[in-house]
Amino acid sequence: MSDNIQKVTVLSKTTWTPNLFSFTVSRPDSFKFTAGQFVRLGVNPSQLKYYKQLSAVADTDDDDEELNETLNEDIFRAYSIVSSPFDEILEFFSIVIPDGAFTSQLQHLEVGDELLLNTMPFGFLTLARYQKPLPKDLWLLATGTGLAPFLSMLQDLKTWEDYEHIVLAYSARSTEELAYIDKIESLQEDFGSLVDNPAKLIFIPIVTREAVEGALTERLPKLLLDGTLQERAGIALDVDSTHVMLCGNPDMVEDTKETLKRLGLVMNRRGEGNIAVENYW
């Protein structure tokens with residue numbers, strides 16, 4: 001096993017919908033990351049309690065051997081970290097892809113199971129990448145599990161210190177897929193209240209496949225193009241003061257990025273520019 005790979009233990013699991021769940025794991029003492037980064041998590045399905053129980057009740061030794069051969073391999077995938085860089089545990093937010101080699105196994109996680117963590121963090125979806133324009137308005141635009149890196153940023157006090165306004169627009173297909181709502185609604189008090197002159201958090205839920213009171217209903221690109229999102233936030237998009245981060249479904253990221261460019265914002269390169277995206281899908 002590589003020196004960068006460490007075993008971590010599953011501490012809790014939260015099921016949001018049949019296809020969405022979160023889980024926490026132990027944090028290695030030496031592991032450090034910046035809010036917004038991702039890691040590679042590994043699972044060996046044959047070592048999960050779920051499959052050990054299946055193996056224990058297999059009809060024959062042949063069945064048992066075939067099951068172990070099929071499942072006895074380490075599978076790694078990229079996961080953004082939900083938790084703060086200062087938390088004692090690590091939290092992740094996952095979707096279940098029925099035929100996915102990784103998530104179709106990960107859905108069977110139970111407390112006490114062991115996963116593998118590559119302790120080398122990756123990714124540049126971090127606020128440190130912004131040198132110009134200087135921080136004023138931060139827009140965090142997410143779909144689905146793309147919410148994860150933004151929750152990490154919003155649990156870092158420096159985010160609250162550096163900005164005047166933070167707009168979190170979070171889009172899901174249904175109300176039940178809007179995870180972490182209680183946590184989002186407590187962020188201002190739990191973290192903003194710990195700094196002088198904190199940013200004001202403006203949370204905008206979006207539900208695209210059902211009508212929900214208080215939520216917008218269109219896709220992010222349309223909401224930006226017709227000005228609905230800016231009107232709800234009460235803030236304009238300004239090339240001289242706006243930082244925008246996108247994370248989520250690749251189609252959303254691409255379409256929204258192009259829409260923002262049409263509205264006059266520019267990609268962040270070498271520290272300058274408005275728009276930052278993460279491409280680890």
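Just so it is clear, the model here is predicted, and its values are computed rather than measured.
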Which pairs of donor and acceptor atoms, one on a side chain in residues 269-276, lie under 3.5 Å apart (sequence neighbours left out)?
residue	atom	partner	partner atom	Å
Asn274	OD1	Val266	N	3.0
Asn274	ND2	Val239	O	3.0
Asn274	ND2	Thr242	O	2.9

Of His165, His243, Gln230, which meets side-chain contact (heavy atoms from CB on, under 4.5 Å) against Trp139? Gln230
Joint cluster assignment, Ile166 & Leu187, ILVMFWY side-chain distance < 4.5 Å: yes
Under the side chain to side chain donor-acceptor pair (under 3.5 Å) rule, what do Ser46 and Asn44 come out as? Steps first, then yes or no, please. CA-CA 6 Å; Ser46 70; Asn44 184 316; 2.6 Å; yes
Shortest non-hydrogen contact from Phe38 to Ala78? CD1-CB, 3.6 Å
Short side-chain to backbone donor-acceptor contact, Ser84 and Phe86, under 3.5 Å: yes
Main-chain N/O of Thr175 paired with Glu210 side-chain donor or acceptor, under 3.5 Å: yes
Starting from Leu106, can I reach Ile97 by hopping between I/L/V/M/F/W/Y residues whose side chains sit under 4.5 Å apart? no
Taking the side chain as every heavy atom from C-beta outward, state whether Asp74 and Val43 have any atom pair closer than 4.5 Å. no
Backbone N/O of Phe124 and side chain of Arg129: donor-acceptor pair under 3.5 Å: yes
Looking at every non-hydrogen atom in both residues, tell me the closest pair between Val277 and Lys257 and how far apart they are. CG1-CD, 4.5 Å
Approximate separation, where rounding is to 0.5 Å, of Ser26 OG and Leu90 CG: 7.5 Å
Check whether more than 12 heavy atoms from other residues, nucleotides or ligands sit under 6.0 Å from atom CD of Glu254, and answer yes or no. yes
Contact between Leu11 and Ile89 at the side-chain level, heavy atoms closer than 4.5 Å - yes or no? yes
Is there any salt bridge (Lys or Arg N to Asp or Glu O under 4.0 Å) pair reaching into residues 212-224, and which pairs are they, with sequence neighbours excluded? Arg219-Asp255, Lys222-Asp226
Roughly how far, to the nearest 0.5 Å, is the CH2 atom of Trp160 from the CG atom of Asn197? 13.5 Å
Measure the spacing between CG of Leu223 and CG of Leu141 and express it to the nearest 0.5 Å. 10.0 Å
Does Lys158, at its NZ atom, have more than 12 non-hydrogen atoms belonging to other residues, nucleotides or ligands within less than 6.0 Å? no
Quick one: does any side-chain atom of Ser83 pair with a main-chain N or O of Glu91 as donor and acceptor, under 3.5 Å? yes
Roughly how far, to the nearest 0.5 Å, is the NZ atom of Lys49 from the NE2 atom of His108? 15.0 Å
Measure across Pro135 and Asp162 and return the closest heavy-atom pair with its distance rounded to 0.1 Å. CB-O, 3.5 Å
Shortest non-hydrogen contact from Met245 to Leu125? CE-C, 3.9 Å
For side chain to side chain contact (heavy atoms under 4.5 Å, CB included), just list the numbers for Leu48 and Glu110, CA-CA rounded to whole Å, side-chain angles, deciding distance to a tenth of an Å, and then say yes or no. CA-CA 8 Å; Leu48 298 180; Glu110 298 179 27; over 6 Å; no
Neighbour count >12 (heavy atoms, 6.0 Å) for atom CZ, Arg77: yes
What I'd like to find out is whether the side chain of Ile206 reaches to under 4.5 Å of the side chain of Tyr170, using heavy atoms alone. no
Evaluate the side-chain proximity of Pro28 to Leu117: yes if any heavy-atom separation is below 4.5 Å, no if none is. yes
Please round to the nearest 0.5 Å and tell me the distance separating atom CD1 of Ile202 and atom CD1 of Ile204. 7.0 Å
Could you give me the CA-CA distance, side-chain angles and deciding distance for Phe33 and Arg27, then say whether side chain to side chain contact (heavy atoms under 4.5 Å, CB included) is met? CA-CA 11 Å; Phe33 70 98; Arg27 177 174 180 167; 3.8 Å; yes
Mind running side chain to side chain donor-acceptor pair (under 3.5 Å) on Tyr180 and Ser22 for me, showing each step along the way? CA-CA 10 Å; Tyr180 288 102; Ser22 302; 2.8 Å; yes
Centre of Phe21's six-membered ring, under 6.0 Å away, within 45 degrees of the axis: is that where NZ or CZ of Lys13 sits? yes
Working note: Thr217 + Val207, criterion side chain to side chain contact (heavy atoms under 4.5 Å, CB included); need CA distance, chi angles, decisive distance, verdict. CA-CA 5 Å; Thr217 58; Val207 179; 5.9 Å; no
Please tell me whether Leu168 and Leu260 are part of a single hydrophobic cluster in this structure, the criterion being side-chain heavy atoms less than 4.5 Å apart. no
Mind checking whether Phe93 and Phe23 have ring centres under 6.0 Å apart? no
With a 3.5 Å distance limit and no angle check, can you tell me whether Thr126 reaches the backbone of Thr34 through a side-chain donor-acceptor pair? no
Phe191, Leu140: one ILVMFWY side-chain cluster at the under-4.5 Å cut-off? yes
Are Leu157 and Tyr163 in one and the same hydrophobic cluster, where Ile, Leu, Val, Met, Phe, Trp and Tyr link if side-chain heavy atoms are under 4.5 Å apart? yes
Is there a donor-acceptor pair under 3.5 Å between the side chain of Gln155 and the backbone N or O of Val82? yes
Compare all side-chain heavy atoms of Cys247 with those of Pro149 and state whether any distance is below 4.5 angstrom. yes
Would you sort out whether Leu109 and Leu115 count as a side chain to side chain contact (heavy atoms under 4.5 Å, CB included), showing the intermediate values? CA-CA 9 Å; Leu109 278 185; Leu115 296 176; 3.8 Å; yes
For the residue pair Asp156 and Ala35, what are the closest heavy atoms and their distance? OD2-CB, 4.2 Å
Rounded to the nearest 0.5 Å, what's the gap from CG on Leu138 to NZ on Lys136? Could you check? 13.5 Å
For Ile95, does its backbone N or O pair with a side-chain atom of Thr145 as donor and acceptor, under 3.5 Å? no
Minimum-distance pair of heavy atoms, taken over all atoms of Ala179 and Trp16: CB-CD2, 3.5 Å
Thr24 meets the side chain to side chain donor-acceptor pair (under 3.5 Å) criterion, sequence neighbours left out, with Ser12
